[in-house]
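These figures come from a predicted structure and were not determined experimentally. Proteins get letters first, then strands, A, B, ... in listed order; numbering begins at 1 in each.
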There are 2 protein chains.
Amino acid sequence: MVMGIFSKTCEYAIRSVFFIAHRTASGNRVGIKEIASGIDSPEHFLAKILQDLSRRGIVQSAKGPNGGFYIDERGLKRPLSEVVEAVDGNSIFTGCGLGLAYCSETNPCPLHNEFKAIRNQLKDLLEQTTIADFSESLNLGITKLRK
Amino acid sequence: MVMGIFSKTCEYAIRSVFFIAHRTASGNRVGIKEIASGIDSPEHFLAKILQDLSRRGIVQSAKGPNGGFYIDERGLKRPLSEVVEAVDGNSIFTGCGLGLAYCSETNPCPLHNEFKAIRNQLKDLLEQTTIADFSESLNLGITKLRK
DNA sequence: AAAATAAAAGAGTTTTTAGTCTTTTATTAA
DNA sequence: TTAATAAAAGACTAAAAACTCTTTTATTTT
Ligand code: FES
Ligand code: FES
């Protein structure tokens, strides 16, 4: 299989965050089984990812009956870039497209100028749009999180 | 380590193609050791990559004394996208940013519109710029292939 | 023809990413 | 206060990507 722009872990993280945001807008909680089937991901693998996002305060969780995952007000206002950075780090926002140890103006690779422009657009998109913004389209039924 | 936008294999492929283009503009050939050290890659790993690019006709090679790798006239005029596709496939040009099985207008993910715009810019860049174009800056001493 | 050279091919190992399964801990409700 | 529920944690396995080492084949030069 050939990788996308984000790692599989990060794809699941983003999709689950959107799913949780969408399902828990009104103070509800949603369980791991429901999330996993809602975004079409392996349940126990997703559990690990959400444990990590929970430790980092990106999502919240509660154990026991009526427990599950949710996202608080502050969380909904976070830019999506925070989810991506938490999982994949920031190399996608700052790293050289050709894998040079450092991307720099003084030692640029042949793709530098063009690549940097594109990379910055992705950065801007993810930094300027909140989790709530993105999941809006789910409320409207326009977008999907699984095939 | 956290991956970039291309696989490590693809990064080495692109860098080596630029290196070979730069070094063999005037009918010369360049050996694997020199390429590997020139782009700072593991020699035997790069050998595998170049064997593959050679089978696909993206680079040319000759065995024996004075042998080595080179790129013919037609090769220099190829867009960089052909190197990327040969190694990483075309999912970077067509795949969903959130990993949905298909990226489509009828079943879009929440990132679809914005992501597609950015993805298409990368596609256009790689399709519209030839290997020769990119390695031009190496001739001028402006860009680098290793730190 | 023999020796030297350099890529091609084959057969691995290591590391990272992805995914699974089981046990423990916390919370709630009967 | 016991049973049920659901996440947290731990210990794995599987697959893919990255990398290494050795042998073979083709070519050229002496
Ligand atoms: S140096 Fe390669 S993208 Fe900046
Ligand atoms: S459906 Fe996700 S990018 Fe098009």
Original post:
Can any side-chain N or O of B:Ser104 pair as donor or acceptor with the backbone N or O of B:Asn107 at less than 3.5 Å?
Top reply: yes
**OP:** Would you mind reading off the distance between A:Ile49 atom CD1 and D:dA9 atom C1', rounded to a whole angstrom?
**Re:** 16 Å
**OP:** Could you tell me the separation between the CD1 atom of A:Ile32 and the P atom of C:dC21, rounded to a whole number of Å?
**Re:** 15 Å
Original post:
Rounding to a whole Å, what distance do you find between A:Leu50:CG and D:dA8:C1'?
Top reply: 12 Å
Subject >> Integer-rounded Å distance: C:dA7 P and B:Arg55 CZ >> reply: 15 Å
Original post:
Between A:Asp88 (CG) and C:dA18 (C1'), how many Å, whole number?
Top reply: 13 Å
Subject >> Options C:dT27, C:dA9, D:dA9, nucleotide nearest the side-chain atoms of B:Gln51 >> reply: C:dA9
Original post:
So, is A:Ser61 close to the D:dA6 phosphate, meaning a side-chain N or O under 4.0 Å from OP1 or OP2?
Top reply: no
**OP:** Mark yes or no for a side-chain to base donor-acceptor pair under 3.5 Å between A:Lys63 and C:dT25, with no hydrogen or angle criteria applied.
**Re:** yes
**OP:** Specify the residue among A:Asn66 and B:Phe69 whose closest nucleotide of DNA chain C lies further upstream toward the 5′ end.
**Re:** B:Phe69
**OP:** Over 60° means perpendicular and under 30° means parallel, so classify the ring planes of B:Phe45 and B:Tyr12, tilted if in between.
**Re:** perpendicular
**OP:** Could you grab the distance from atom OG1 of B:Thr129 to atom CG of A:Leu111, nearest 0.5 Å is fine?
**Re:** 8.0 Å
**OP:** Under 4.0 Å between any heavy atoms, over every strand shown, what does B:Arg29 touch: base, sugar-phosphate, or nothing? Just pick one.
**Re:** nothing
Original post:
Within the structure, does a side-chain N or O atom of A:Thr9 lie under 4.0 Å from either OP1 or OP2 of C:dT17?
Top reply: no
**OP:** Would you indicate, yes or no, if C:dA8 has its OP1 or OP2 atom less than 4.0 angstrom from a side-chain nitrogen or oxygen of B:Ser54?
**Re:** yes
Subject >> d(CZ, A:Phe45; C1', D:dA9) in whole Å >> reply: 16 Å
Subject >> Value rounded to 0.5 Å, distance of SG in A:Cys109 from CZ in B:Arg15 >> reply: 9.0 Å
**OP:** Please tell me which of A:His44 and B:Cys10 maps to the more 5' nucleotide of DNA chain D, matching each residue to the nucleotide holding its nearest heavy atom.
**Re:** A:His44
**OP:** To the nearest Å, give me how far apart CG (A:Leu53) and C1' (D:dA8) are.
**Re:** 14 Å
Original post:
Is any side-chain nitrogen or oxygen of B:Tyr12 closer than 4.0 Å to OP1 or OP2 of D:dA18?
Top reply: no
Subject >> Donor/acceptor link under 3.5 angstrom from A:Lys48 side chain onto base of D:dA9 >> reply: yes
Original post:
Given that A:Ala62 and A:Leu46 both sit by DNA chain C, which one's nearest nucleotide is further toward the 5' end?
Top reply: A:Leu46
Original post:
For the pair made of CG in B:Asp40 and C1' in D:dA18, what is the distance, rounded to whole Å?
Top reply: 15 Å
Original post:
Is it true that B:Asp52 and B:Arg56 have a side-chain N and a carboxylate O under 4.0 angstrom from each other?
Top reply: yes
